[in-house]
Amino acid sequence: KATVEVEYIESDNLDNVDDADAVLKTVLAGLDSKDWVSVCDALNNVRRLSIFHKEAMLHMLEKVIPLVVKSLKNPRSAVCKTACMTSADIFSAYNNDITDLLDSLLTQLLLKSSQDKRFVCEAAEKALTSMTKYVSPTLLLPKLQPCLKNRNPRIRAKASLCFARSVPRLGVEGIKEYGIDKLVQAAASQLTDQLPESREAART
């Protein structure tokens, strides 16, 4: 049986699609395909559309993102890693436009970033870094807050790191607006966490 190699292409090396309209028409079916290679191809096309045809795909995001989440749950590591890379490009392209669709994406990325498969884990962490860089902290912090109390200590640790990266982006006024008491409370709960990663994030 022939083995199929999936190529992981960095965002800067992705080429534009030949025909954006044609790709937009087929991308949802590709993401929902039973064939994992077709899913990876469709995920890379979502990345291309995010980078080169951002406006054209905007109206489809509420259908695209649940299918990216489905790929993040895929047991095949190649699909999962490609979905992590796709998430990073979506954050970079759409910033705050995806806030209402963020919850399921955030949960899966936190899960993937705390699992044992290193190459999936690293891709998920890059996506989370992209999220804290491009999504407004005033919109993101309320989404992260419940994750700090997750039953899984690894998820709490990854959420703490995201929280710690996002807070400085609020600026002095933003911190006052968000509520310094809320931030102190969040940090205090993490200082007593089991995982050193959480405690370290809380200190920062």
Side-chain angles (χ1 to χ4, degrees), residues 10-12 14 46-47 50-51 54 58 61 64-65 68-69 72 80-81 83-204:
E10 291 303 323
S11 307
D12 295 343
L14 281 167
V46 168
R47 297 174 67 204
S50 300
I51 294 165
K54 181 173 129 175
L58 183 60
L61 283 181
V64 168
I65 286 179
V68 173
V69 171
L72 285 167
C80 194
K81 174 166 175 163
C84 290
M85 295 172 87
T86 306
S87 304
D89 289 330
I90 286 173
F91 291 134
S92 160
Y94 294 102
N95 317 129
N96 302 332
D97 288 333
I98 59 158
T99 316
D100 294 340
L101 303 162
L102 191 59
D103 291 321
S104 54
L105 205 52
L106 174 59
T107 306
Q108 279 309 309
L109 288 169
L110 288 169
L111 265 171
K112 297 303 162 194
S113 70
S114 54
Q115 62 143 270
D116 296 327
K117 280 190 181 145
R118 193 168 158 206
F119 81 118
V120 171
C121 192
E122 284 171 353
E125 284 187 343
K126 275 187 182 173
L128 289 169
T129 302
S130 175
M131 176 189 74
T132 52
K133 184 177 176 184
Y134 293 109
V135 178
S136 156
T138 45
L139 299 171
L140 181 58
L141 290 171
K143 305 265 182 198
L144 281 168
Q145 197 110 25
C147 304
L148 299 174
K149 295 187 175 79
N150 194 288
R151 283 188 305 231
N152 181 331
R154 283 179 167 193
I155 287 181
R156 288 201 302 273
K158 297 297 178 184
S160 289
L161 290 169
C162 292
F163 203 86
R165 275 199 305 265
S166 205
V167 168
R169 293 187 60 232
L170 280 170
V172 178
E173 286 309 308
I175 285 173
K176 280 185 200 160
E177 210 176 297
Y178 188 77
I180 192 88
D181 50 335
K182 274 197 223 165
L183 296 172
V184 170
Q185 212 178 345
S189 71
Q190 296 307 293
L191 279 171
T192 54
D193 202 90
Q194 298 156 275
L195 282 188
E197 232 178 328
S198 292
R199 297 196 297 271
E200 190 52 44
R203 286 188 192 97
T204 56

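Count residues from 1 along the sequence.
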Full working for side-chain contact (heavy atoms from CB on, under 4.5 Å) between Leu128 and Leu161 | CA-CA 9 Å; Leu128 289 169; Leu161 290 169; over 6 Å; no
Output, in order, the C-alpha distance, side-chain angles, deciding distance and verdict of side-chain contact (heavy atoms from CB on, under 4.5 Å) for Ser11 and Met85.
-> CA-CA 8 Å; Ser11 307; Met85 295 172 87; over 6 Å; no
Could you please spell out the steps behind the side-chain contact (heavy atoms from CB on, under 4.5 Å) verdict for Leu148 and Leu144?
-> CA-CA 7 Å; Leu148 299 174; Leu144 281 168; 5.6 Å; no
Can you check side-chain contact (heavy atoms from CB on, under 4.5 Å) on Ser87 and Leu105, steps first, answer last?
-> CA-CA 8 Å; Ser87 304; Leu105 205 52; 3.8 Å; yes
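Note: Gln108 CD to Leu111 CG = 5.5 Å, rounded to the nearest 0.5 Å. Annotation: the span from Leu170 atom CG to Ser136 atom OG amounts to 7.5 Å, rounded to 0.5 Å. To the nearest 0.5 Å, atoms OH (Tyr134) and CD1 (Ile90) are separated by 14.0 Å. The distance from the SG atom of Cys84 to the CZ atom of Phe119 is 9.5 Å, given to the nearest 0.5 Å.
Using a distance-only test at 3.5 Å, with no hydrogens or angles considered, a donor-acceptor pair links the side chain of Arg169 to the main chain of Lys133. With Ser130 contributing its side chain and Lys126 its backbone, the two residues share no donor-acceptor pair below 3.5 Å. The closest donor-acceptor contact from the side chain of Tyr94 to the backbone of Lys54 lies under 3.5 Å.
Checked options Lys158, Arg118, Lys112, Lys81; the residue passing with Glu125 is Lys158 (criterion: salt bridge (Lys or Arg N to Asp or Glu O under 4.0 Å)).
Between Asp116 and Arg154, at least one side-chain nitrogen of the basic residue sits less than 4.0 Å from a carboxylate oxygen of the acidic one, meeting the salt-bridge criterion.
For Gln115, the CD atom sits in a packed shell: over 12 heavy atoms of surrounding residues, nucleotides or ligands are nearer than 6.0 Å.
Residues Thr132 and Arg165 have side chains that bring a donor and an acceptor to within less than 3.5 angstrom of each other.
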